[in-house]
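Each chain gets a letter, A, B and so on, in the order its sequence line appears, and its residues count up from 1.
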Amino acid sequence: MAEDWQQGGFGLYIHWPFCQAKCPYCDFNSHVVAAIDQTRWLNAYLAEIDRYATLVPGRVLTSVFFGGGTPSLMEPEIVASIIDRVRRHWPVANDLEITLEANPGSVEAGRFTGYAQAGVNRVSMGVQALNDTDLRRLGRLHTVADARRAFDIARSHFDRVSFDLIYARQDQTLDDWRTELSQALEMAVDHLSLYQLTIEQGTAFGDRYNAGKLRGLPVEDLAADMYQATQEICDTAGMPAYEISNHARSGAESRHNRVYWRYGDYIGIGPGAHGRLTLDGARHATEQWRLPGKWMQHAEANNADEVISPLSGEEQAAEFLLMGLRLVEGVDPTRFEKLAGRPLPVEKLAYLEEFGMIDHGPSHLRVTGQGRVLLNAVLEQLLVG
Amino acid sequence: MTDLAHIRNFSIVAHIDHGKSTLADRLIQLTGTVAERDMKEQLLDAMDIERERGITIKANTVRIEYPAKDGHTYILNLIDTPGHVDFAYEVSRSMRAVEGSLLVVDATQGVEAQTLANVYTAIEADHEIVPVLNKIDLPAAEPDRVREQIEDVIGIDASDACMISAKTGVGIPDVLEAIVQRLPPPHGGTRDAPLKAMLVDSKYDPYLGVVVIVRVIDGVLKKGQRIRMMKTGGTYDIDRIGVYRPAMTAVDELGPGEIGYITAQIKQVRDTRVGDTITTEKKGCETPLPGFKPSVPVVFCGLFPVDSSQFEDLRDAIEKLALNDASFSYEMETSAALGFGFRCGFLGLLHLEVIRDRIEREYDIELITTAPSVIYHVYMKDGTRIDLHNPADMPDPSHVERVEEPRIKATIMVPDDYLGDVLKLCQDRRGIQLDLTYVGGRAMAVYDLPLNEVVFDFYDRLKSVTKGYASFDYQMEGYREDRLVKMQILVNDEPVDALSMMVHRDRAEQRGRAMCEKLKELIPRHMFKIPIQAAIGGKVIARETLSAMRKDVTAKCYGGDATRKRKLLDKQKAGKKKMRQFGKVEIPQEAFISALKMDD
């Protein structure tokens, strides 16, 4: 019998934890250091890849994703060695997707040739905003001109180039955003990630917010209007949403992220990286040591996992729904039933349907356009009770 | 047995923080009643809540031996009474058990409303009163002004008031002499007459059972005696008899004029009623002491466990507390919004707070308290009367002839700077001014107010508009008819019983609007828009609409960190616990109380 993860695919995530500067909104596991011994890091990554290859050998790999931090600070040779090692361990899909996140600065652009030669075939660029004032407020080191230049260079090296924008920023009006989004769509190739600014605890923005000093953030109604406008503008431009914050032309969706959202298996390597792996028929959650020094120490001692623990059926079912309902395509409720050992609560489905939040049948469950912007509330109904 | 001439029984009348407990501590200390090493503050206040809030809930007594300057040793019995209006009846009984009072007034503050009420109780009990000015060591002390105020407001001679500092001990010997010289010994009292003793108060002790504080009028109380409570009819064998010094100290007997304690295998405090007369089962006295009143709750509210699975724990807690407190009543209540709980009756707001605190603290049960209500007399067209203590139970208005509500006479003392705010507050609460006088820089306003308008947040508002400078006391003044109606709150077109309230018809619109606006802020947005309405009968008098939730989504997926997403669910679960499901709407628990607070 096929294991559940096979319906989502199999991916590998590599986390590079370093940045040139920490952005005030970012709560990812990123660190700023003076000097990085890249060879030492390469060896540690390779050791972890080798170890995982013995745990889950022979699977067909759907995607590799270099995330961070700022992986475009990695030397192209390092990236090449990692990709070589991965290809040596696992059979790969014909359309294996290898994505690398890049900062749109001039230094990074100089490495694009090397990354392309190493086998990277998709770049995701953190453009974040198309006006310089806001870029500075977001703590970014690049300008709009830098970003456009880097983007053009990237396009000349990679078929697939995506970029991120953060909207619902301080003092941004609905019209400001409409204009900026139209400019972005003129630039865009086939994929765009459009995230509303989220104030996370433990970040510089979080501290300022708590102190009442982060002013001009949109109220709920404006943020909702902006989300709505984003959907309409992108639909018209032929780049509909396929996930809450991700838009693509048909067929250009990020395969790697889809492994997460379709609740496939994925290896997570690097400081603080998470994985989901089915081992001996049981799905496990893995989490690697979070601090770079600690991670290195454990990787060199041949195991950088801080946590590897089996997930209950109920936990898996919850994760399946949490991830899957982010997708416009929705989920197959029978997968939930198999994992949880129980069907979704009928009265909750009816309740959500009554308010137009979902659309469901025996083999499909989708959150509607109206419901997607209330996904947390929808999930609360289905999973909290 | 002590000669009556060498006994002095007294109480101390004081406003909170004017130094009653400290003075009691000093009297105990100076007479060597307690060894220095056993001294602690507020020696007589046993409960945590009493110590913490600086209030006295239960009467306490202490026996002090004092060798006076006249060469005789006197027995001084101090009864420390509760001072709060909620316990006015208990205070009046304690006052009847002694012959004199020390009136303690803070020389920096002057006479307060609570002092007045208690000193009048003492005057009614024919007490000799010795004024004591405390805190004279403080630079802000104005003894001359306060002396004058005592004479003006209370009408007793304060020229030979004792000048003391209970904190430093200055003047305490003068107080002891004044007790002996100026307070009378017990009036009459015959050792050979049939036993007649007053039940002053009682409390539960886990080792001894119920301990009863008694004042003997006639006859002698002895160990082994079979006694009878004249009101409740219970009979018991005395197994312990003694006095407080303040530790329990056994004695052979208590004779006329003496105050002490007995235990008699009494299981519940409920079996002992304050003010009851204790006599012997055989050959007892014929007429009980006058003035006994069964205690009647005047303020009611619902108590519900936040976690509905704790209902049985709550039942257990309430039953245990009720055993120890005859004045506290309860019955089970079911609310569509709040589930299972209890409708409880209290002597007043302080009593309510004390019981609620004790349940939360001693039994570790988090509570939702619904708005306090009073008892309305609802006269029906068929001639019957309903005593309504839960607005949710108000009968259909078409069957109601008229509704009467309890009124109080409130005395408020306040520095004139704040008088305008106080008068406005009283007017807003449907008050009728009865009197307004000035004494020095302070005004004394006397108002006839509906109790209903006072039970909820009147005292909080009074404190806030006067920055804490006002003092307030009240007494019940009986029932009066008014245009009272039940106002219902409908959330998403369904009535929420726990939010129903009785209001004056003329103020219903204003109150209804305020409630709807408040609830609109308190109820989180849902997936659909929610009408919030106030209605009388079927007629909507105020309406607000809570618009539908617009956005609630996590923008970013944090790579493969599904664990983090699951944690969001845990947070949602915790939030859900603080909500009560009402039809399709979830209402936060805090809304049930917060919605009723009027910001005026």
Side-chain angles (χ1 to χ4, degrees), chain A residues 11 13 15 27-28 65 67 166 168 193-198 220-221 223-228 243-246 257 259-261 263 266 268 272-276 285 287 307 311 315 318-320 322-323 326 351-352 354-357 371-381 383-385, chain B residues 306-309 337 339 491-494 519-532 544-589:
Chain A
Y13 176 75
H15 189 80
D27 75 332
F28 281 30
F65 194 102
I166 293 175
S193 300
L194 305 169
Y195 299 109
Q196 287 208 351
L197 177 62
T198 308
E220 182 183 333
D221 284 332
D225 289 343
M226 285 181 166
Y227 187 86
Q228 209 53 48
E243 190 260 0
I244 300 288
S245 304
N246 284 280
N257 281 327
V259 172
Y260 301 149
W261 294 322
Y263 207 43
Y266 45 93
H274 286 252
R276 289 290 180 276
E287 194 180 335
V307 176
L311 291 166
E315 286 170 329
E319 292 187 348
F320 163 70
L322 286 169
M323 301 304 256
R326 297 184 67 87
Y351 175 93
L352 291 168
E354 182 188 338
F355 297 110
M357 299 290 130
R372 215 170 300 132
V373 71
L374 300 177
L375 182 63
N376 288 348
V378 170
L379 288 166
E380 182 180 334
Q381 288 294 327
L383 292 171
V384 177
Chain B
V306 165
D307 178 350
S308 49
S309 69
V491 174
N492 208 27
D493 299 323
E494 288 187 57
L519 284 167
K520 189 181 165 185
E521 286 166 30
L522 291 164
I523 301 173
R525 285 179 171 194
H526 282 55
M527 288 177 181
F528 43 91
K529 69 170 190 238
I530 300 169
I532 301 168
E544 290 283 332
T545 304
L546 175 64
S547 53
M549 187 196 294
R550 292 287 316 277
K551 179 179 163 275
D552 182 17
V553 63
T554 309
K556 204 150 186 175
C557 165
Y558 312 105
D561 187 358
T563 314
R564 177 167 175 161
K565 303 223 70 210
R566 247 191 305 120
K567 283 187 184 141
L568 175 73
L569 286 182
D570 293 338
K571 221 166 139 188
Q572 287 174 326
K573 271 184 195 142
K576 189 108 181 164
K577 268 199 158 176
K578 300 211 169 91
M579 301 290 219
R580 290 286 153 147
Q581 186 80 30
F582 204 85
K584 288 189 169 122
V585 179
E586 285 177 341
I587 302 179
Q589 284 154 3

- Under 4.5 Å from any heavy atom of chain B - which part of A:Leu194: neither
- Task: Just do the side chain to side chain contact (heavy atoms under 4.5 Å, CB included) check on A:Leu383 and B:Lys573 with the steps written out, would you?
- Result: CA-CA 9 Å; A:Leu383 292 171; B:Lys573 271 184 195 142; over 6 Å; no
- Message: So for A:Gln381, is it side chain, backbone, both, or neither that comes closer than 4.5 Å to the heavy atoms of chain B?
- Response: side chain
- Message: Pair B:Arg525, A:Asp221 - check salt bridge (Lys or Arg N to Asp or Glu O under 4.0 Å), show working.
- Response: CA-CA 12 Å; B:Arg525 285 179 171 194; A:Asp221 284 332; 3.2 Å; yes
- Describe, in one word, how the ring planes of B:Phe528 and A:Phe355 are oriented to each other, choosing from parallel (under 30°), tilted (30 to 60°) and perpendicular (over 60°). parallel
- Query: Does A:Glu315 reach the main-chain N or O of B:Arg566 with its side chain, forming a donor-acceptor pair under 3.5 Å?
  - Reply: no
- Note on the structure: CD (A:Glu319) and CZ (B:Arg564) are apart, to the nearest 0.5 Å, by 14.0 Å
- Query: Is chain A contacted by the side chain of B:Lys576, its backbone, both, or neither, given a heavy-atom distance below 4.5 Å?
  - Reply: side chain
- Item | Proximal component of A:Leu374, with respect to chain B [non-hydrogen, under 4.5 Å] | both
- Message: Just verifying a value: how many Å separate B:Glu586 CD and A:Glu380 CD, rounded to the nearest 0.5 Å?
- Response: 6.0 Å
- Message: As an exercise: rank A:Asn246, A:Val378, A:Asp225 by heavy-atom pairs under 4.5 Å with chain B and give me the winner.
- Response: A:Asp225
- Checking A:Glu287 against chain B: side chain, backbone, both or neither under 4.5 Å from a heavy atom? neither
- Note on the structure: CD (A:Glu354) and CE (B:Met527) are apart, to the nearest 0.5 Å, by 11.5 Å
- Out of curiosity, A:Leu322 CG to B:Leu568 CG, how far, rounded to the nearest 0.5 Å? 7.5 Å
- Task: Kindly determine whether A:Thr198 and B:Lys556 satisfy side chain to side chain contact (heavy atoms under 4.5 Å, CB included), including the steps that lead there.
- Result: CA-CA 8 Å; A:Thr198 308; B:Lys556 204 150 186 175; 5.8 Å; no
- Message: Set out, in order, the CA-CA distance, both residues' side-chain angles and the distance that settles side chain to side chain contact (heavy atoms under 4.5 Å, CB included) for A:Leu375 and B:Thr554, then state yes or no.
- Response: CA-CA 8 Å; A:Leu375 182 63; B:Thr554 309; over 6 Å; no
- Examine whether an atom of A:Val259 lies under 4.5 Å from a heavy atom of chain B, and if so say whether it belongs to the side chain, the backbone or both; otherwise answer neither. neither
- Do you know which of B:Lys584, B:Lys551, B:Gln581 has the most heavy-atom pairs with chain A at a distance under 4.5 angstrom? B:Lys551
